[in-house]
Amino acid sequence: MRWRGLIVLTLWLAAGAAAADTGVAFVHGTGKQTDALNDYWTRSFVDSVRQGLPDSADFVVINCDFEQYMWDSRAAGCLADQLHGFITARGIDDLVVITHSNGGNVMRWILSNPTWDSRYPTIISAVRWVNALAPSSLGTPLADAVISGNVFEQSLGWLLGYGSDAVRMQQEGWMAYYNANWLYGTAGRPGLPKGFYNVVGSDVETAIWDPDSYCGGYSLNLGLEITQAWLDGCSDGFLECTSQAGAGSLWFYDTSRTNGREPLSHNQSRRRCFGLDVILRNDL
């Protein structure tokens with residue numbers, strides 16, 4: 001968006017053209033990751049995005065245990081440890097954070113609670129903004145379904161895990177409490193100290209004759225097509241659009257910017273589908 005470009009220009013002029021050391025961090029969603037580069041994002045996606053950096057080596061892929069509550073030392077504590085280490089080791093003072101799904105909640109916890117951890121102020125100071133891909137800011141009815149123990153526990157295991165604290169946390173009523181008491185950026189709450197820009201996925205396509213349905217993996221998209229029946233008319237198969245746009249500011253709905261105006265399923269919004277990687281690369 002044009003005004004985002006104006007912010008960058010203003011920061012650039014204020015800091016001096018040669019002063020900023022820009023980096024990018026990739027923050028995964030729900031799950032315990034030990035190799036998120038290959039298992040969650042894919043190397044081709046990360047390598048494409050980081051080509052937009054002045055130094056393409058200034059990137060970090062986070063590996064934490066996001067099966068925990070967002071404030072847990074294994075979640076936000078782990079994220080803070082890895083972000084702080086990256087910032088200080090590489091001298092990064094202009095950090096773009098790319099989150100997916102529940103990763104947006106963990107990052108929003110850090111931005112909302114600067115006194116919780118002594119490392120948070122350094123991280124917040126370095127962040128330019130957060131590009132939140134399909135964030136679960138208002139939770140999802142599917143988390144309620146998983147916790148209640150119905151059949152979705154099995155079909156969504158790849159996406160949510162099995163009744164973890166992170167799934168419990170993403171129930172709609174629980175997220176409403178956290179948003180009202182602990183997190184910034186939702187309606188009626190204080191604004192976040194740095195921009196939190198949402199990319200919203202609005203549909204799932206699984207036509208077997210359409211090559212676009214296979215981007216990111218056909219079987220995963222098919223699972224999201226099934227779960228989409230439990231959600232309202234605008235969703236990515238896991239999150240309703242209102243949840244994805246529930247905190248921070250809307251950057252764009254998928255079909256307004258993707259190649260061929262293709263929608264992004266919840267699986268495709270972390271993959272090299274329909275030019276998403278190029279959009280993120282050009283934003284660095």
Side-chain angles (χ1 to χ4, degrees), residues 1-29 36-37 40-43 45-64 76 79-80 82-112 119-135 137 185 191-200 244 247-252 257 269-272 275-284:
M1 296 177 71
R2 181 174 299 177
W3 61 275
R4 281 166 52 102
L6 290 173
I7 292 174
V8 172
L9 178 60
T10 301
L11 293 173
W12 184 79
L13 291 172
D21 287 313
T22 302
V24 62
F26 297 83
V27 182
H28 61 81
L37 172 64
Y40 193 88
W41 297 102
T42 72
R43 186 176 292 275
F45 178 85
V46 170
D47 284 350
S48 177
V49 173
R50 68 189 177 96
Q51 293 310 307
L53 292 169
D55 180 349
S56 62
D58 284 336
F59 77 104
V60 63
V61 179
I62 302 300
N63 290 289
C64 288
L79 176 58
Q82 294 184 24
L83 287 180
H84 189 272
F86 172 63
I87 290 167
T88 54
R90 304 287 299 186
I92 302 298
D93 58 5
D94 177 40
L95 178 67
V96 174
V97 182
I98 297 174
T99 68
H100 184 253
S101 194
N102 182 45
N105 294 326
V106 184
M107 192 64 212
R108 199 152 56 93
W109 173 269
I110 291 177
L111 295 174
S112 302
R119 296 166 296 187
Y120 287 9
T122 299
I123 295 169
I124 295 170
S125 177
V127 169
R128 183 204 301 172
W129 57 42
V130 178
N131 287 330
L133 309 174
S137 298
L192 292 160
K194 295 298 175 71
F196 188 89
Y197 299 105
N198 306 304
V199 176
V200 177
Q244 299 174 62
S249 305
L250 176 67
W251 184 10
F252 63 90
R257 296 285 299 273
S269 57
R270 62 190 172 110
R271 296 297 170 84
R272 196 175 182 182
L276 176 62
D277 55 310
V278 177
I279 295 170
L280 296 170
R281 181 200 308 162
N282 292 337
D283 187 63
L284 296 179

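All residue numbers refer to positions in the sequence shown, counting from 1.
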Please assess H84 against Y120 for the test side chain to side chain donor-acceptor pair (under 3.5 Å), listing each intermediate value before the final yes or no.
CA-CA 8 Å; H84 189 272; Y120 287 9; over 6 Å; no
Heavy-atom pair of closest approach, residues [X] and [Y]:
| X | Y | value |
| --- | --- | --- |
| D94 | A20 | CB-CB, 4.2 Å |
| C64 | L79 | SG-N, 3.4 Å |
| I92 | G23 | CG2-N, 3.8 Å |
| I124 | I110 | CD1-O, 3.4 Å |
| A132 | T99 | CA-OG1, 3.3 Å |

When rounded to the nearest 0.5 angstrom, what is the spacing between [atom1] in [X] and [atom2] in [Y]?
| X | Y | atom1 | atom2 | answer |
| --- | --- | --- | --- | --- |
| D21 | R90 | CG | CZ | 9.5 Å |
| I123 | L111 | CD1 | CG | 9.0 Å |
| R108 | N102 | CZ | CG | 10.5 Å |

Any side-chain heavy atom of [X] within less than 4.5 Å of one from [Y]?
| X | Y | result |
| --- | --- | --- |
| V24 | L95 | no |
| N131 | V96 | yes |
| S101 | H28 | no |
| F86 | V61 | no |
| S112 | L192 | yes |
| V27 | I98 | no |
| L133 | R270 | no |
| L83 | I62 | yes |

Does [X] reach the main-chain N or O of [Y] with its side chain, forming a donor-acceptor pair under 3.5 Å?
| X | Y | answer |
| --- | --- | --- |
| Y40 | G29 | yes |
| K194 | V130 | no |
| D55 | A57 | yes |
| N63 | A36 | yes |

Are R272 and F45 in a cation-pi contact, defined as NZ or CZ under 6.0 Å from the six-membered ring centre and within 45° of the axis?
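No - R272 does not lie over the ring of F45 by the 6.0 Å and 45° rule.
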F59 and V46: CA distance, side-chain angles, deciding distance, side-chain contact (heavy atoms from CB on, under 4.5 Å) verdict:
CA-CA 9 Å; F59 77 104; V46 170; 3.8 Å; yes
For a side chain to side chain donor-acceptor pair (under 3.5 Å) check, start with the C-alpha distance between D283 and W129, then their side-chain angles and the critical distance, and finish with the verdict.
CA-CA 10 Å; D283 187 63; W129 57 42; 3.1 Å; yes
Please test Y197 against L250 for side-chain contact (heavy atoms from CB on, under 4.5 Å), starting from the C-alpha separation and ending with a verdict.
CA-CA 6 Å; Y197 299 105; L250 176 67; over 6 Å; no
D47 and side chain to side chain donor-acceptor pair (under 3.5 Å): which single residue from R50, R43, Q51 fits?
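Only match with D47 under side chain to side chain donor-acceptor pair (under 3.5 Å): R50.
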With sequence neighbours left out, what residues match F26 under ring pair (Phe, Tyr, Trp, His ring centres under 6.0 Å)?
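By the ring pair (Phe, Tyr, Trp, His ring centres under 6.0 Å) rule, F26 matches W41.
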Using the side-chain hydrogen bond (donor to acceptor under 3.5 Å, both in side chains) criterion, which residues pair with R281? Sequence neighbours excluded.
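Per chain and number, R281 pairs via side-chain hydrogen bond (donor to acceptor under 3.5 Å, both in side chains) with S48.
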With side-chain contact (heavy atoms from CB on, under 4.5 Å) as the criterion, how do D58 and T22 come out once you've worked through the C-alpha distance, each side chain's angles and the decisive distance to 0.1 Å?
CA-CA 7 Å; D58 284 336; T22 302; over 6 Å; no
